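Since the structure is predicted, the reported quantities are computational estimates derived from the model, not experimental observations.
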Amino acid sequence: MWRTGATLVFGAGLGAAASRLLSAGGWREEGGADLMSRVPVIPVPGVPTVQASELQVSPGSSGAVMKYGFPSLGNIKTRESYVTSYDPLTRTASWVIERLNPASLSGLSDRKYCEFKEDDSIHVFHRATNADYKGSGFDRGHLAAAANHKWSQKAMDDTFYLSNVAPQNPHLNQNTWNNLEKLCRSLTKRYLNVYVCTGPLYLPRQEADGKLYVRYQVIGRNHVAVPTHFFKVLILEQADGKGVELRSYVLPNEPISEQVPLERFLVPIETIERMSGLLFVPNIMKRTAGGVRAIADR
DNA sequence: TTTATTGT
């Protein structure tokens, strides 16, 4: 069984497909086959590539990884393998962006040389520690995945900062979430670059009194927040230079049968933007001539 | 293969 026990309810204005996908009773999709025709894989025609000189929103030297802009502008950190925004309240990242291509995926780096470590750049009041996770029942789930950065041991090491980690259901992490990470890597065979933005979500649920509450567990002495869900936004650059495509996923932080196809978790990017407080599409539109075209349920 | 934790 993979459906959520709790009822998920979102605010007005969500796309029909999204509200159907996330409707009361959990994640069972009722739209049938035509749901897929109305959801994600968004073609973005127009400018195929953007020159580095056009980058203006990038604080620091985040470079090519941030080509499509920042989802938010607080607590930005740039590491060897990713750029991230840290949320001191939850003791985990708001989002992490990485760029995958065949070069980033190949190399001799090995996670056996890596250890999860505190992020000393974060104030000790707001920092997760390994002790927080120990015995919690949750995995230290990577946001930017280690195997995405075999090109450099330093790059792989940097994914082991606990600021790039969130408490994740072990079954989810080691099965369906792992499969989603593998899918991201396999897409580098068909696309020039795969930009991946990953983060936690803390979604409201309807409780017994009929009202909506955001409720999440916290673990350890530092009260590291356990996300209710995780998102992944993929920006896929076509190799022929014709433009980019978007795909965005939301998965509940609970066991999911591997029998459930990943397509079942596709959602319109606007759904993630509303739920997360982040913005992706304005950035992408700024970076492309044609903008985001024709999403049926937008 | 990659994702991990726990115990010795």
Side-chain angles (χ1 to χ4, degrees), chain A residues 2 79-82 84 91-93 95-119 128-190 194 196-201 217-234 247 249-265:
Chain A
W2 63 280
R79 294 256 156 78
E80 193 82 5
S81 40
Y82 56 87
T84 184
R91 291 83 157 102
T92 187
W95 51 262
V96 178
I97 294 182
E98 49 190 328
R99 186 182 61 165
L100 279 51
N101 52 46
S104 77
L105 299 183
S106 59
L108 297 175
S109 307
D110 194 315
R111 62 184 285 154
K112 74 183 177 190
Y113 303 118
C114 301
E115 287 181 335
F116 287 105
K117 58 204 173 192
E118 291 180 31
D119 188 339
T129 67
N130 282 311
D132 293 324
Y133 284 82
K134 192 174 179 65
S136 69
F138 290 94
D139 277 7
R140 293 169 288 189
H142 279 85
L143 297 174
N148 294 349
H149 302 284
K150 298 184 84 169
W151 60 280
S152 144
Q153 188 65 47
K154 172 70 160 66
M156 183 176 283
D157 289 348
D158 278 2
T159 70
F160 280 77
Y161 282 112
L162 290 178
S163 50
N164 179 51
V165 159
Q168 194 164 40
N169 177 280
H171 183 279
L172 174 69
N173 184 33
Q174 295 165 36
N175 296 281
T176 299
W177 186 259
N178 189 19
N179 292 339
L180 180 56
E181 291 176 339
K182 288 175 179 174
L183 172 64
C184 294
R185 289 192 285 273
S186 72
L187 287 168
T188 61
K189 295 170 190 163
R190 294 206 283 124
V194 175
V196 183
C197 181
T198 309
L201 293 169
Q217 184 182 349
V218 295
I219 59 171
R221 296 173 65 99
N222 295 300
H223 294 180
V224 183
V226 179
T228 63
H229 297 72
F230 292 95
F231 71 82
K232 253 188 205 300
V233 173
L234 278 51
R247 274 191 218 186
Y249 297 84
V250 173
L251 276 65
N253 190 10
E254 60 189 32
I256 298 174
S257 166
E258 289 188 279
Q259 303 304 113
V260 181
L262 289 171
E263 294 74 41
R264 203 74 74 83
F265 302 99

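In this model, the phosphate group of B:dT2 is approached by a side-chain N or O of A:Lys150 to a distance below 4.0 Å at OP1 or OP2. Residue A:Arg111 has no polar side-chain atom (N or O) positioned under 4.0 Å from OP1 or OP2 of B:dT2. Here A:His142 does not reach the OP1 or OP2 of B:dT2: none of its side-chain N or O atoms lies under 4.0 Å away.
In this structure, the side chain of A:Thr176 does not engage the main chain of A:Pro255 through any donor-acceptor pair within 3.5 Å. Under a 3.5 Å cut-off, the side chain of A:Ser109 and the backbone N or O of A:Ser152 do form a donor-acceptor pair. A donor-acceptor pair under 3.5 Å is formed between the side chain of A:Gln153 and the backbone N or O of A:Asp110.
Computed from coordinates, the A:Asp110 CG to B:dT1 C1' distance equals 11 Å when rounded to whole Å. Between the NZ atom of A:Lys112 and the C1' atom of B:dT2 there is a distance of 14 Å, given to the nearest Å. Whole-Å rounding puts the A:Glu115 CD to B:dT3 P distance at 16 Å. As a whole-Å value, the separation of A:Leu143 CG from B:dA4 P is 10 Å.
Legend: salt bridge (Lys or Arg N to Asp or Glu O under 4.0 Å) pairs involving residues 149-159 of chain A, not counting sequence neighbours, sorted by first then second residue: A:Lys154-A:Asp158. Contacts classified as salt bridge (Lys or Arg N to Asp or Glu O under 4.0 Å) and involving residues 168-184 of chain A (residues at least two apart or in different chains) are not found.
Interatomic distance, CG of A:Asn148 versus OG of A:Ser81, reported as 9.0 Å (0.5 Å rounding).
Considering only side-chain atoms of A:Glu181, the nucleotide from B:dT1, B:dA4, B:dT3 that sits closest is B:dT3.
Using cut-offs of 30° and 60° for the angle between ring planes, the A:His142 and A:Phe116 rings count as tilted.
Using a 4.0 Å cutoff on non-hydrogen atoms, the parts of residues 157-180 of chain A near DNA chain B are A:Asn173, A:Gln174, A:Asn178, ordered by number.
With sequence neighbours left out, A:Arg91 forms a salt bridge (Lys or Arg N to Asp or Glu O under 4.0 Å) with no residue at all. Looking at residues two or more places apart in sequence or on another chain, you find a salt bridge (Lys or Arg N to Asp or Glu O under 4.0 Å) between A:Asp119 and A:Arg79.
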Protein-nucleotides 6-8 of chain B N/O pairs closer than 3.5 Å?
from	atom 1	to	atom 2	distance (Å)
B:dT6	OP1	A:Gly135	N	3.3

